[in-house]
Amino acid sequence: MGAERVERGLDHGAWVPLSLLFPDANVPVVSLSLPVRWSNAELVALGERLSALREEGILVIGSGSLTHNLYEIMPLESPMPAWVDAFATWVSGRLIANDRDALLSWERAPNAQKNHPTPEHFQPLLVAMGAGGEAIQLHHSVEHGVLAMDAYAFS
């Protein structure tokens, strides 16, 4: 029996943002699985270890949703409930202030558990934060009332 090569496509968390950033799909991509059992501090430390890649011109992307509660999903153009706004505003403020200590305890933020019944859509932000420097907000929108699609760049 020879070694069998298994090819898998990228997870939607990778190919969706990449299709918008690079519609010609002309960049090499290495996908890293999120170590979901790691602590917030370990995820930031992973990003810090990846930060050296920036010096080589390699883009580190962490994708998820700033808020992600599919139990509360609404029609596409629904207004954002106050509990989504409170959490998104808190996270944005902490990112812009470079308040890593607060973000290491993001679960204590206003309405954190309601916005993230499970943490895997928020945790990639911690890796990206660790890989970068100061944050700037590039985009803010909400879809289906409860999916904050915010985008940040780290200098």
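Numbers here simply count residues along the sequence, with the first being 1.
- Side chain of Asn115 to main chain of Trp83: a donor-acceptor pair is present (N/O by atom type, distance under 3.5 Å, no hydrogens or angles).
- Atoms NE2 and CD1, on His144 and Ile73 in that order, are 5.0 Å from each other to the nearest 0.5 Å.
- Side-chain contact, Glu107 with Asn40: a donor N or O sits under 3.5 Å from an acceptor N or O.
- Rounded to the nearest 0.5 Å, atoms OG (Ser141) and CG (Asp150) are 7.0 Å apart.
- Between the side chain of Asp24 and the main chain of Asn26, no donor-acceptor pair closer than 3.5 Å is present.
- Follow the hydrophobic side-chain contacts under 4.5 Å out from Trp38 and you reach Leu103 in the same cluster.
- Checked for salt-bridge contact, Glu42 and Arg49 miss the test: no charged N lies under 4.0 Å from a carboxylate O.
- A 4.5 Å side-chain heavy-atom check between Ser63 and Val16 finds every atom pair outside the cut-off.
- A side-chain donor-acceptor contact under 3.5 Å links Thr67 to the backbone of Val146.
- The two residues Gln137 and His140 have their closest heavy-atom pair at NE2-CB, 3.7 Å.
- A 4.5 Å side-chain heavy-atom check between Trp106 and Leu126 finds at least one atom pair inside the cut-off.
- Judged by distance alone, with hydrogens and angles left aside, the side-chain atoms of Arg54 form a donor-acceptor pair with the main-chain N or O of Ser155 at under 3.5 Å.
- Linking Ile, Leu, Val, Met, Phe, Trp and Tyr whenever their side-chain heavy atoms come within less than 4.5 Å puts Val91 and Ile96 in one cluster.
- Distance check: Arg108 CZ to Gln113 CD gives 10.5 Å after rounding to the nearest 0.5 Å.
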Checklist entry - What do the steps show when you test Leu32 against Leu50 for side-chain contact (heavy atoms from CB on, under 4.5 Å), and what is the final call? => result CA-CA 11 Å; Leu32 176 67; Leu50 294 173; 4.2 Å; yes

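- Formation of a donor-acceptor pair under 3.5 Å by the Asp99 side chain with backbone atoms of Ala102 is found in this model.
- Phe122 is connected to Val36 through a chain of hydrophobic side-chain contacts under 4.5 Å among Ile, Leu, Val, Met, Phe, Trp and Tyr, so both are in one cluster.
- Thr89 places a side-chain N or O within 3.5 Å of a backbone atom of Asp85 that can act as its donor or acceptor partner.
- Leu147 is listed as a side-chain neighbour of Met149, based on a closest heavy-atom distance under 4.5 Å.
- The shortest distance between side-chain heavy atoms of Phe154 and Leu95 falls below 4.5 Å.
- Pairing each heavy atom of Gly145 with each of Pro81, the nearest pair is O-CD, 3.0 Å.
- When side chains are defined from C-beta on, Pro79 does not count as touching Met74, because their heavy atoms never get closer than 4.5 Å.
- Below 30°, between 30° and 60°, or above 60°: for His68 and His116 the angle between ring planes is below 30°, a parallel geometry.
- Under the 4.5 Å side-chain heavy-atom criterion for Ile, Leu, Val, Met, Phe, Trp and Tyr, Ile58 and Leu46 are members of the same hydrophobic cluster.
- Note: the hydrophobic cluster containing Leu34 also contains Leu53 (ILVMFWY, side chain heavy atoms under 4.5 Å, direct or indirect links).
- Note on ring orientation: taking the six-membered ring where Trp is involved, the planes of Trp90 and Phe87 are parallel (angle under 30°, cut-offs 30° and 60°).
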